Amino acid sequence: MPAYYSIALPVVLRTLFDYLPPEGHGPIAVGARVQVPFGRGNGRILVGVVCQRHQTQELPAKLKRIDKVLDDEPLLDADFISLCQWASHYYQHPIGETIATCLPKKLRLGAQASIAYPKHWQLTVQGKGLPDDGLKRAPKQQLALQQLRARGTIADDQLAEHGLGRDSLRNLAQKGLAELTDTPPNAGQPQAKPAPHPLTDEQAAVVSQIAYGAFSVAVLEGATGSGKTEVYLQAIAQVLARGQQAMVLIPEISLGPQTLARFHQRFKANIVALHSGLNDTERAQHWLRARAGDADIVIGTRSAVFTPLPRLGLIVIDEEHDLSFKQQDGLRYSARDLAIVRAQKADVPVILGSATPSLETLSNINHGRFTHWQLHARPGGASHADIELFDIKQESLIDGFSEHALTEIAKTVGAGQQALVFVNRRGFAPTVLCHDCGWQAQCKHCDSNLTAHNHPAHLRCHHCDYQRPPLSQCPECFGQNLLYLGAATEKAEQMLSEHFPRSKVIRIDRDTTGRKNAFDQLLEQVHTGEPCILVGTQMLAKGHHFPNVTLVVVLNADNGLFGADFRASERTGQLLLQVAGRAGRGDHPGRVLIQTHHPDHPLFTQLFSHGYRAFADLLMEERMRSSMPPFSYMAIIKVEASFPQPATALLEGLKNALQHAFAPNPHNQYLGPMPAIMERVNKRFRYVLQLKCSQRKLLHQVLPVAVHYLSSAKVPKDLRWSLDVDPQETP
Ligand code: ADP
Ligand code: ZN
Ligand code: ZN
């Protein structure tokens, strides 16, 4: 019987497209990629994925033919397509674009789906015959010999993760002891090495009570250093022993060589890392290897949630509350939420780890949907830092620092220890103001101030990246009295260097860590343990161990508490705890000094006197009173255009249409249109309409109607709209 095919194509239209097979071609597998002509005059050639096959005597009229079939075997299995369909529906994103988002770029563009095994090192017969200490005099080669013996093979691009340099391997090769090959590595049964220490009762309870082979979500709550990773490692060992694969999702910032090394040390297994440092070819290759079953453990950031794993047995999400799990453009998915959906479909457990679980997750615990495990700090483990909320009302500040803070820093470095200063803005000064006439340096294209930077000297917009040379005088009144106001990392660095001329000051922010490996090099300096003062943004707060930091200073804790975003205080609390957790992780107890104008604010007192849970309970009450998530379900529609009017008009029209379609009821609320927090960015005006429903089901009845309205509305060419379901940031 003749057949035609429905194909998902990467276009904004929300439908599949029907095509005939190439002349004389046999059946095409669902999940295979094809190349098709598209658009008027067949002007474009697109790569799509076959989603359905229809066999019928009567073919629809006027179908075009597929140009070329790219895969003999399906590239995407039914599970993958069903996850994409779920995401497409849930986030109301076109199916073709959704599938395209989930695929590595190379494969999306049609590259051949074949695996080229990465070059890897192995011992020659001669090398295998050498006694264990046969290279005592060359310690680096000796180490390489031992590592190769222990592991069988080591990929050439993973040498660093095993603490090896390429030179020592080359030297071994010259002696005929090792060789570099690209034959498929002899995988063998993955093995877990014994844990370095027995699990605590709390840890053991989690590992043993998870039902492997069934869906469940276990929340693992514990401060940094309480032993969460150890639980992940042992749970993964269980899964590998069952012959299954594990997926580990972590925030970008924590996916460094240190983390990978810890996994490599523990497992003799194929570990595939998916992070932003990979090029497109590597990314596609890793994806293909995972799909072929040739990856025992996949560790990656947000987008790794789409990695196909035929024997998936466990998903771990570390720092589940982290904002980086939410994609902020295109398909605005939450990797955490998709991972849970995926686990549910595959019937496998999920572990969500965090020191500060999100309110959504806490609400799921309260409703009995997730189980909850608490890890208390181990004896001798992370010490509780001593926290001081220091009232800076009426204090005279020197570039943001109180006298008290400077004294504490002096004491710390004087005692041979390290201090960390947390500032939440990078650059030199967030505000440049004329003292004579009040003029402020603002971005030409946005409603935002320009931030002064000193290295090199310029003014820059942190929203659209507009830059201009530094000012020598006020452009309005030509006065010379320009003030550089507000605290930011560069100014703090400069001030500290002047104030403590004999101490090393190390700045860590996006500007000092841009170059490859720059971050790791700075961290290395810190790890020497020499007294120093670290200055940085929230990059410093996450995941890194600084055993010699005994004092943490938070320059200004108030900004976040009163942010325009309803999640601002939740995020601030999480961040402050994370920052505070940097102090006193070694042998010395730590101190945290938080400068604030509101030392008695209930959120602060809950957080620091009673802990994160008490803080979260307070926020939870607030959210309940204002029926905000997790007590309601939200989506935000954002429209941006070169002029305000068409944007607001579209949203007004949409709001009317929704009010018309859904009889007024207290369960659905449409708020707006209102200007985005920054109304103008990069010469474009932005407005939002907030949809809020008391039930998820209701929201998902409203969304398709909204999307239909927006897609069919007549709008100027330059207007763009986007939809964010479960938004994590208010635009
Ligand atoms: P987290 O992931 O919560 O930050 P880790 O699992 O990294 O915590 O543990 C912190 C440190 O404590 C690590 O050095 C780890 O080796 C050690 N550790 C973890 N569990 C135990 C245990 N049961 N006994 C002794 N040390 C442990
Ligand atoms: Zn002026
Ligand atoms: Zn700008």
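Both ligands and their constituent atoms are indexed starting at 1 by order of listing. As the structure is a prediction and not an experimental result, all values here were calculated from the model.
- Residue L199 places no N or O, backbone or side chain, under 3.5 Å from any N or O of ligand 1.
- At a heavy-atom distance under 4.0 Å, only side-chain atoms of R262, from C-beta outward, approach ligand 1.
- Contact atoms of ligand 1 toward A223: 3 (O) (distance under 4.0 Å to a heavy atom of the residue).
- The shortest side-chain heavy-atom distance between I317 and I250 does not fall under the 4.5 Å cut-off.
- Between F428 and Y484, the ring planes are perpendicular. Angles over 60° get that label, and only those under 30° would be called parallel.
- Heavy atoms of P198 approach ligand 1 to within less than 4.0 angstrom.
- Here C446 contributes SG and C443 contributes SG, and at the Zn ion (ligand 3) these two atoms make an angle of 110°, given to 10°.
- Relative ring orientation between Y466 and H445 is described as perpendicular, the plane-to-plane angle rising above 60° on a 0-90° scale split at 30° and 60°.
- The Zn ion (ligand 2) does not have H435 among its coordinating residues (no N/O/S atom, backbone or side chain, under 2.8 Å).
- The closest approach between any non-hydrogen atom of G222 and ligand 1 is not below 4.0 Å.
- Of all heavy-atom pairs between L450 and V432, the closest is O-CG2, 4.3 Å.
- Residue contact annotation: C464 places an N/O/S atom under 2.8 Å from the Zn ion (ligand 3).
- Distances from the Zn ion (ligand 3) show that C461 has an N/O/S atom below 2.8 Å.
- Proximity to T200 (heavy-atom distance under 4.0 Å) selects the following atoms of ligand 1: 23 (N).
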